[in-house]
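The structure under discussion appears below in the form of structure tokens.
Sequence lines set the chain letters: A, B, ... in the order given, protein chains first and strands last, and positions in each chain run from 1. Note: hydrogens, waters and symmetry copies are ignored here, and every other heavy atom, side chains too, is used.
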Amino acid sequence: MAEQCAVVGVGQTHHKKKRADVSIPGLLREAAVRALDDAECTWADIDAVVIGKAPDAFEGIVQPELFLADALGGAGKPMLRVHTAGSVGGSTFIVGAHLVESRIHERVLAIAWEKQSEGNAQWGLAGGRGRGIGAGGAFAPWIRAYIEKTGAPEYIGWQVAVKDRLNALKNPYAHLQLADITIDKVKESPMLWDPLRFLESCPSSDGACAVVLTNEANGKRAAKPAAWIAATAVRSELGVFPGRDPVRPQAGVECAHDVYRQAGISVPRQEIDVAELYVPFSWYEPMWLEGHDIAGPGEGWKMVESGDTELTGSFPVNASGGVLSSNPIGASGMLRFAEAALQVRGLAGEHQVDGARTALAQAYGGGAQYFAMGILRSQPA
Amino acid sequence: MAATDIAVVGYAQTPSVRKARESEVQLLVPIVSKALERAGLDRREVGFTCAGSCDYLTGGPFAFVSNLEAAGAWPPISESHVEMDGAWALYEAWVRLQHGDIDTALVFGSGKSSPSKPDEMWAQQLDPYYLAPLGVDPASLAGIQARALLDSGKATERDFAEVVVRNRHNAKDNPNAQVSGDSSVDALLAAPYVRAPLRKHDLPPISDGAVAVVLARGDRARALCERPAWIRGLDHRIEVHQPGMRDLTTSTSTTLAARKAGFDGGPLDVIELSSTFSPQELILREALGIDADANVNPSGGALAANPVMATGLIRIVEVAQRIVEGNARRGLAHATGGQLLQHNLVCLMEGD
Amino acid sequence: MSPTGESTSPKENLVMEHLVSLTYSEELTPILERYVDALIDGRIVGHKCPSCGRVYVPGKGYCPICVVPTSEADEVEVGDHGTVTGFTIVTPVAYYGQTETEPFVYASVLLDGSDSNLGGQDIVGVPHDQVRSGMRVRAVWKPKDRRSGSGVSNRGWGSVSSVIDAFEWTGEPDMDRAKYEEHIF
């Protein structure tokens with residue numbers, strides 16, 4: 001029987017377009033020290049470090065974790081570097097959890113980061129060539145296909161964009177703080193990748209997120225309530241092949257069903273109290289609601305329209321402001337798991353969802369082909 | 001504690017070559033199939049897949065995504081990737097197998113070093129504030145380490161040359177090795193320095209290659225393989241990055257990893273070390289307490305073939321293969337990451 | 001340095017620009033060499049999987065679904081007419097190496113006879129707001145003496161840009177969504 005794994009510390013940086021006040025090690029330590037303080041432990045208590053980030057080309061350093069070992073108390077410890085494109089923050093969390101669940105280590109620091117201002121992410125996403133389409137360009141055709149297939153009204157994307165930025169106002173760490181955002185402002189913002197407009201797209205952020213993961217005994221002993229990992233799963237599928245459904249990727253469906261099964265969830269819509277889903281472009285909220293069978297086919301956008309996914313709604317999505325409000329690419333997946341943990345620990349402050357006891361965290365990456373998902377609860381199994 | 005009933009039950013590698021005409025994925029596709037075949041495992045039964053590669057080596061962000069095509073990722077699979085040598089992908093798979101819900105895993109590592117200039121590219125694998133701007137290449141760093149070793153009195157240039165002679169000689173029996181042959185220590189010492197005190201033969205070759213491994217646990221391992229190579233211990237440790245802050249003539253992380261992996265200093269029938277520069281073999285031998293007459297690098301080691309990102313996993317395969325084929329009972333494989341032996345992994349394997 | 005350890009250097013002196021240039025030289029794989037030769041000749045070739053029969057343009061040397069090798073023996077020719085299966089209009093962002101300044105079409109074209117899309121194609125001859133999925137298009141080839149393989153690489157980016165400038169509407173009625181739904185990727 002696997003060991004129960006608890007999240008006893010969560011830390012993140014103030015995410016900004018450019019953190020000119022810290023070096024890369026400084027950025028990571030800001031998140032890590034917050035997590036260690038939250039867990040009421042020190043660097044010396046950590047047995048292993050798992051670190052994740054998106055492609056190295058985003059900052060122009062080959063395997064940066066090698067030099068970061070010094071800043072992360074890594075000397076003499078095992079260090080693993082996970083890299084699964086956009087889902088990496090989530091898979092880094094999961095690899096860290098496995099180290100505890102297998103009883104190999106007692107206390108693991110899992111950290112994910114990106115300091116995009118020190119490189120050029122657009123250049124990176126374009127593979128260093130001209131005529132780059134960024135990330136939005138790859139997803140826009142699929143978003144168009146979702147809209148055509150479901151007949152969703154055009155304002156759904158704008159609604160999500162406004163909701164997430166208003167939620168971010170309640171999150172002191174969030175990058176975008178757009179107090180005056182409205183549907184009209186989103187609707188009138190420049191078109192980037194038809195049909196996605198500027199204000200429907202994620203920002204480019206510098207940021208890091210860290211968690212301290214530990215075993216059942218330490219989780220129960222922790223001074224603050226722990227978040228308990230009830231399920232984790234990863235799935236990958238080919239990004240390009242005849243017959244692929246990129247709008248509702250099979251890997252996303254199977255990953256979701258794996259975590260639901262592990263957590264004993266049969267009706268996710270009812271049994272999950274809050275969700276942190278990787279939504280870098282507004283329309284991915286309804287698409288993931290359907291893509292993970294929380295809403296039925298063609299029903300995802302209706303959940304948005306009726307306000308179900310608002311902070312005070314029946315199925316709050318991205319109370320933290322989500323990726324639409326902060327996107328340090330390598331860290332964004334970890335932030336979903338970290339925010340889910342904060343929710344079930346009752347420590348999400350102003351963006352806390354009342355009574356959140358079961359939370360869903362999801363990160364995706366590549367051509368919507370890599371998925372990392374988890375269920376966290378306020379009680380151990 | 002950690003499981004001891006996970007074994008290598010299948011493997012395959014490409015011959016390392018100076019320049020492969022195929023793409024990295026094309027190198028992987030046939031050997032992934034071969035490794036599964038050798039294990040008698042259907043691709044669809046694999047419980048977890050993990051790959052090791054380096055985007056910068058392959059030459060572009062997200063380059064690793066293409067390698068997914070060799071894994072047979074349709075229907076969807078449970079899969080992950082590390083930006084590290086395949087030996088660490090094996091580590092992640094070994095951890096995953098201990099969850100208890102799956103009993104097989106597929107691991108692979110790959111890299112084509114031929115398209116890039118190692119001196120340029122690996123100079124970016126350093127602290128970007130203090131080291132990378134110096135433009136110091138791997139061979140120069142290794143030269144500094146070699147100098148430190150000479151100055152410590154622990155080795156001579158003759159010792160370096162002897163390492164090369166031994167490894168190249170052993171490589172003659174390895175169909176996958178790239179550089180092999182017989183030479184004399186004196187002949188090697190007559191060659192000019194390239195990064196004093198290192199000569200060209202003290203450096204690894206530039207190689208393209210790939211390797212795949214199948215792991216299985218417990219009864220499944222016994223069902224798939226007559227003589228599984230059981231992983232009795234697996235551990236890895238990293239050291240401080242700044243070269244000026246550690247003793248370059250020792251490998252404390254290798255010693256620690258070996259101890260944590262349960263290596264008690266007992267007899268080993270085969271040892272495979274990922275020393276990419278000849279002086280490093282001497283450092284690692286000392287770190288592991290290896291006798292002068294031990295069977296080290298029968299494959300020829302990394303001096304005979306260095307497909308970066310596969311080199312470490314190949315060491316594991318070379319040991320496992322000898323156990324599976326009944327030619328060894330107990331062996332140790334070592335993998336390294338970063339420059340100057342910064343990160344080290346030790347895998348202790350045994351046959352029944 | 002101040003007594004509290006804070007830097008007293010002006011902020012601008014704390015930023016260093018380190019521009020790195022790395023050169024990668026890789027010959028095209030033998031399969032892509034043949035692909036380029038055919039393209040320059042005005043033909044588009046791919047590989048047909050001997051196991052499932054799917055056609056990939058260009059050939060990869062394997063079928064990623066069956067994970068079986070493919071070779072010259074599996075080479076097939078496909079037409080230069082096809083269907084737009086998905087698209088977006090991209091507003092270019094400035095970055096080091098960017099070549100575009102005006103919004104451009106980025107469309108996936110399923111060539112007749114192929115099972116894999118040609119990605120990133122420009123559609124010309126119609127205003128952007130008339131580009132649509134299902135459109136029947138044909139290749140606008142560069143004159144033979146201006147064709148080259150420079151756009152093709154092992155990395156998969158670039159594709160046919162050094163041989164085919166864009167695709168244009170053939171004038172035929174649009175294809176039924178059901179017929180291309182399997183290829184919206």
Side-chain angles (χ1 to χ4, degrees), chain A residues 1-2 23-24 49 54-70 74-85 91 94-95 98-99 101-104 118 124-125 127-128 233-239 241 244 249-255 258 366-367 369-371, chain B residues 1-3 48-49 54-57 60-65 68-69 71 73-84 88 91-92 95-101 121-122 124-129 131-132 235-242 245-246 252-253 256-257 260 337-339 342-343:
Chain A
M1 262 248 54
S23 62
I24 291 171
V49 179
D56 294 348
F58 286 176
E59 290 82 12
I61 310 164
V62 178
Q63 297 170 297
E65 55 283 355
L66 291 167
F67 94 91
L68 288 166
D70 299 10
K77 296 177 188 173
M79 177 179 270
L80 278 174
R81 157 71 192 287
V82 182
H83 175 29
T84 59
S91 44
I94 292 174
V95 172
H98 286 327
L99 286 171
E101 289 164 348
S102 58
R103 299 190 174 86
I104 291 170
E118 292 209 9
L125 289 164
V234 295
R235 286 294 187 284
S236 311
E237 71 180 40
L238 299 175
F241 64 92
R244 182 180 192 219
Q250 188 63 22
V253 176
E254 291 184 13
C255 196
D258 192 349
Q369 65 195 113
Y370 295 108
F371 293 86
Chain B
M1 286 342 292
F48 178 69
T49 300
C54 174
D55 275 356
Y56 256 102
L57 182 61
F62 301 105
F64 75 96
V65 176
L68 197 55
E69 299 196 322
W74 183 257
I77 56 175
S78 179
E79 179 268 350
S80 195
H81 168 258
V82 290
E83 195 79 351
M84 309 173 86
W88 277 272
Y91 182 85
E92 187 179 328
V95 173
R96 179 64 184 85
L97 279 169
Q98 298 185 46
H99 210 85
D101 60 328
M121 203 268 291
W122 295 114
Q124 312 312 318
Q125 192 199 36
L126 296 166
D127 183 313
Y129 305 101
L131 293 175
D235 191 271
H236 64 105
R237 303 279 150 171
I238 199 167
E239 293 181 40
V240 166
H241 176 74
Q242 293 293 336
M245 289 186 59
R246 56 191 173 96
T252 54
S253 54
L256 181 58
K260 294 282 185 180
Q339 305 290 325
Q342 187 194 348
H343 193 178

message: As an exercise: rank A/Pro249, A/Ala2, A/Gly76 by heavy-atom pairs under 4.5 Å with chain B and give me the winner.
response: A/Gly76

statement: Scored by heavy-atom pairs under 4.5 Å with chain B, the best of A/Val82, A/Val253, A/Asp56, A/Ile94 is A/Asp56

- prompt: For the residue pair B/Tyr91 and A/Ile104, what are the closest heavy atoms and their distance?
  reply: OH-CG2, 4.0 Å

- prompt: Under the side chain to side chain donor-acceptor pair (under 3.5 Å) criterion, do A/Ser236 and B/Glu79 qualify, and how do the steps go?
  reply: CA-CA 6 Å; A/Ser236 311; B/Glu79 179 268 350; 2.5 Å; yes

task: Grab the two heavy atoms, one from B/Met84 and one from A/Gln63, that are nearest each other, plus how far apart they are.
output: CA-NE2, 4.2 Å

task: Verify, without hydrogens or angle tests, whether A/Arg81 (side chain) and B/Val82 (backbone) share a donor-acceptor contact under 3.5 angstrom.
output: no

task: Specify the closest pair of heavy atoms between A/Ala85 and B/Phe64, including all atoms of both residues, with the distance to one decimal.
output: N-CZ, 3.4 Å

Results of ring pair (Phe, Tyr, Trp, His ring centres under 6.0 Å) for B/Tyr56 - residues two or more places apart only: none

B/Leu97, part contacting chain A, at a heavy-atom distance under 4.5 Å: neither

query: Parallel under 30°, tilted from 30 to 60°, perpendicular over 60°: which one fits the rings of B/Tyr129 and A/Phe67?
result: perpendicular

task: Start with the C-alpha distance between A/Leu66 and B/Gln339, add both sets of side-chain angles, then the distance that settles side chain to side chain contact (heavy atoms under 4.5 Å, CB included), and finish with yes or no.
output: CA-CA 9 Å; A/Leu66 291 167; B/Gln339 305 290 325; over 6 Å; no

query: Do you know which of B/Leu131, B/Asp101, B/Asp235, B/Val240 has the most heavy-atom pairs with chain A at a distance under 4.5 angstrom?
result: B/Val240

- line: Under 4.5 Å to a heavy atom of chain B? For A/Ala69 that would be side chain

query: Given that the side chain runs from C-beta out, which part of A/Tyr370 has a heavy atom under 4.5 Å from chain B: side chain, backbone, both or neither?
result: side chain

message: With rounding to the nearest 0.5 angstrom, report the NE2 to CD distance, A/His98 to B/Glu92.
response: 7.0 Å

message: Rounded to the nearest 0.5 Å, what separates atom NE2 in B/His343 from atom CG in A/Leu80?
response: 7.0 Å

B/Ile238, part contacting chain A, at a heavy-atom distance under 4.5 Å: both

field: Under 4.5 Å from a heavy atom of chain B, the part of A/Val95 involved
entry: side chain

message: Between B/Thr49, B/Leu256, B/Leu57, B/Val65, who has the most heavy-atom pairs with chain A when the cutoff is under 4.5 Å?
response: B/Val65

- line: When the 4.5 angstrom heavy-atom criterion is applied to B/Met121 and chain A, the contacting part is both

query: Under 3.5 Å, side chain of B/His81 to main-chain N/O of A/His83, donor-acceptor pair present?
result: yes

- line: dist A/Lys77:NZ -> B/Lys260:NZ (nearest 0.5 Å) comes out at 11.5 Å

query: Under 3.5 Å, is there a donor-acceptor pair between the side chain of B/Gln124 and the main chain of A/Gly60?
result: no

field: side chain to side chain contact (heavy atoms under 4.5 Å, CB included) between A/Arg244 and B/Trp74, worked out
entry: CA-CA 10 Å; A/Arg244 182 180 192 219; B/Trp74 183 257; 5.9 Å; no

Region of A/Gln250 that comes under 4.5 Å of a non-hydrogen atom in chain B: both

task: Compare every heavy atom of A/Glu237 with every heavy atom of B/Leu68, then report the nearest pair and how far apart it is.
output: CD2-O, 3.5 Å

- request: Name the region of A/Ile24, side chain, backbone, both or neither, that has any atom closer than 4.5 Å to a heavy atom of chain B.
  value: both

Side chain to side chain contact (heavy atoms under 4.5 Å, CB included) partners for A/Ala233, two or more places apart: A/Arg235, A/Cys255, A/Asp258, A/Val259, A/Gln262

message: A side-chain contact here means heavy atoms from C-beta on lying under 4.5 Å apart; do B/Ser80 and A/Thr84 qualify?
response: yes

message: Minimum heavy-atom separation for B/Asp55 and A/Pro55, please, with both atom names.
response: OD2-CB, 3.8 Å

message: Counting only non-hydrogen atoms closer than 4.5 Å, does B/Glu69 touch chain A with its backbone (N, CA, C, O), its side chain (CB onward), both, or neither?
response: both

task: Let me know if B/Ser78 has heavy atoms under 4.5 Å from chain A in its side chain, its backbone, both or neither.
output: both

message: Can you tell me which portion of A/Glu118 sits under 4.5 Å from chain B's heavy atoms? Options are side chain, backbone, both or neither.
response: side chain

- prompt: In terms of heavy-atom pairs under 4.5 Å, which option from A/Glu59, A/Glu65, A/Glu254, A/Gln369 contacts chain B the most?
  reply: A/Glu254

- prompt: Of the listed residues (B/Pro128, B/Pro75, B/Ala73, B/Ala132), which shares the most heavy-atom pairs with chain A below a 4.5 Å separation?
  reply: B/Ala73

query: Can you name the nearest heavy-atom pair linking B/Glu239 to A/Asp70, along with the distance?
result: O-OD1, 4.4 Å

